[in-house]
2 protein chains.
Amino acid sequence: SFANLRIHPHGLVLVDMQSYNDHMKGREEVDQLLNKVEERMKELFHGNIKRVKRLPAILRGGVIDRYWPTADGRLVEYDIDEVVYDEDSPFQNIKILHSKQFGNILILSGDVNLAESDLAYTQAIMGSGKEDYTGKEVLILGGGDGGILYEIVKLKPKMVTMVASNIDQMVIDGCKKHMRKTCGDVLDNLKGECYQVLIEDCIPVLKRYAKEGRMFDYVINDLTAVPISTSPEEDSTWEFLRLILDLSMKVLKQDGKYFTQGNCINLTDALTLYEEQLSRLYCPVEFSKETVCVPSYMELWVFYTIWKKQTDI
Amino acid sequence: SFANLRIHPHGLVLVDMQSYNDHMKGREEVDQLLNKVEERMKELFHGNIKRVKRLPAILRGGVIDRYWPTADGRLVEYDIDEVVYDEDSPFQNIKILHSKQFGNILILSGDVNLAESDLAYTQAIMGSGKEDYTGKEVLILGGGDGGILYEIVKLKPKMVTMVASNIDQMVIDGCKKHMRKTCGDVLDNLKGECYQVLIEDCIPVLKRYAKEGRMFDYVINDLTAVPISTSPEEDSTWEFLRLILDLSMKVLKQDGKYFTQGNCINLTDALTLYEEQLSRLYCPVEFSKETVCVPSYMELWVFYTIWKKQTDI
């Protein structure tokens, strides 16, 4: 064990303690030691301490990593107790970690994507229970965890087409095994009574559908490429995003709806930039947004509903 | 600024950097420095690094404290940007801090109690929308933030009596000013058309009601004394809790319901101990529980519904 004491001007005293030890055992030991240090400090300062704040010990270097910062950059610790899946695809790192309270959590390249507790995410990106999917044609872009597909198939749609690219293949493989509370058995086969999963890049598929004149009642964009960028110079990200949006509008019926997730509520610049893109599509659209609490995110998340502006005849 | 490098056996290398600086500015500086350190380390190790994990900088000693650990002891950082209220009552420290996403958060002695975003808490402790409060007699124990009172009054009850003790007086004062999204104007007066707030200890009030034979359709226990204890030797806490429960059952109609919050889902020992208490009341009761995501808690929370066991005639 090793301790570090720093006394700063204006009276700030920092005490850091490190212990190289077994997981939780080390944590308890450090806590006991800190109790003693705190007591002794209070004696030495004769009660002249304005404020004491002790933070829970940070566990570093273990097999299990419990720290997955939020999209707005805050440090949060998860109750992870098991690494269930950890693979590198050519595109990203795919982890599925077990949380005591959230169940298995899918983490893509360090970003918490979805946990088994997060039905709220799936419901939000499906329109928060306000839509009737019975007999409808639905297109899902991405959605490799299978959550949206699983929930919509229950609602007796006419046909759901999910387009997941190569990027999603290993996500699908991991989720169909370890996220069954989210996807049920829907990913076990790429074809069901009222659904099909295409493992293809979504751009050519959308172009083909647009050319064929194939139209959908709902397009749900659950691609993992989140508009995190806040710098408008990063044109390619936004251009890609607009391309997807434009093509989606082409295959969306006049009274259809497009659903997507936006970003965490605190990244207001990124949200504003996204909304600006919506005014730059080939056809005029309107949108609404909703803020939702997704349990495993530990931050509020914004979801968009976009539809074609109805022109007066 | 000051840096600390430790090389542990088995190849763990820890780099800690500290910078005494202004709030967010310091954070960015440290980040940039760490970028350079990480680059240089990768060069020195010729790519032989198995895993790199960098944690967001921890801000310590500032006016604004962003770290409020969860009930199960995890380190979580909040997006606090303002201290709205900070007072010591003879019983506890009462803070109301502003979070960008959750609105104002009430923190009692370091425990996150309720944020303006947390209607989910109030709905859960009212029975999750499954109850009809119209024309009903309701008793609230505690509930100093006014959230439950505000929501029930909207539902046209016959009469709501809220019993808040001296302990809650300063909580009420702070909340009626700074948590208006939660309590509306309901705490501005201690009496309304269909409610009254008694500033009295709840034990004598409950005893009086029991003696008078006054009965309620709903008793909602929102006292801040959470059954955090996991040691059965701490008898007084559990005895107090049982006393409240026993007295509440005495004033609860035969078909009435008692609602309360339990604990975070991970403190299973405390939850089990609580449930054991329920089998030790003067009358047989049954219960159900529900797990709810309260946005500002950053952990799932268990709520109880308790009712008198219906005996066959």
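Here is the naming used below: chain letters follow the sequence lines, and residue numbers restart at 1 for every chain.
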Do you know which two heavy atoms are closest between A/Pro295 and B/Cys293, and how far apart they sit?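 Smallest interatomic distance, heavy atoms only, reads CA-SG, 3.7 Å.
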At what distance, to the nearest 0.5 angstrom, does [atom1] of [X] lie from [atom2] of [Y]?
X: A/Trp68; Y: B/Lys53; atom1: CH2; atom2: NZ; result: 4.0 Å
X: B/Ile265; Y: A/Gln101; atom1: CD1; atom2: CD; result: 7.0 Å
X: B/Arg51; Y: A/Asn93; atom1: CZ; atom2: CG; result: 10.5 Å
X: B/Glu77; Y: A/Glu77; atom1: CD; atom2: CD; result: 13.0 Å

Quick one: which of B/Asp16, B/Val13, B/Val294 has the most heavy-atom pairs under 4.5 Å with chain A, could you say?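 Top option by heavy-atom pairs under 4.5 Å: B/Asp16.
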With chain A as the partner, which of B/Lys100, B/Met298, B/Gln18, B/Arg60 has the greatest number of non-hydrogen pairs under 4.5 Å?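 Maximum pair count with chain A is reached by B/Arg60.
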Which one wins on heavy-atom pair count under 4.5 Å against chain B: A/Asp72, A/Leu14, A/Thr70, A/Thr291?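 Of A/Asp72, A/Leu14, A/Thr70, A/Thr291, A/Leu14 has the most heavy-atom pairs under 4.5 Å with chain B.
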Which members of residues 3-12 of chain B, sorted by number, sit under 4.5 angstrom from chain A on a heavy-atom basis?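 Counting heavy atoms that sit under 4.5 Å from chain A, the residues of residues 3-12 of chain B involved are B/Asn4, B/Arg6, B/His8, B/Pro9, B/His10, B/Leu12.
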Relative to chain B, which segment of A/Leu300 carries a heavy atom at a distance below 4.5 Å: side chain, backbone, both, or neither?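 It is both, since atoms from each part get that close.
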Need one label for [X]: side chain, backbone, both or neither, based on atoms under 4.5 Å from any heavy atom in chain A.
X: B/Glu299; result: both
X: B/Asp79; result: both
X: B/Tyr297; result: neither

Would you mind telling me which of B/Ile58, B/Val76, B/Leu59 makes a side chain to side chain contact (heavy atoms under 4.5 Å, CB included) with A/Leu75?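 Passing option: B/Ile58.
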Kindly state each residue pair satisfying ring-ring contact (aromatic ring centres under 6.0 Å, His included) with at least one member in residues 95-132 of chain A, sequence neighbours excluded.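 As it turns out, the ring-ring contact (aromatic ring centres under 6.0 Å, His included) pairs with a partner in residues 95-132 of chain A, which skip direct neighbours, are A/Tyr121-A/Phe303.
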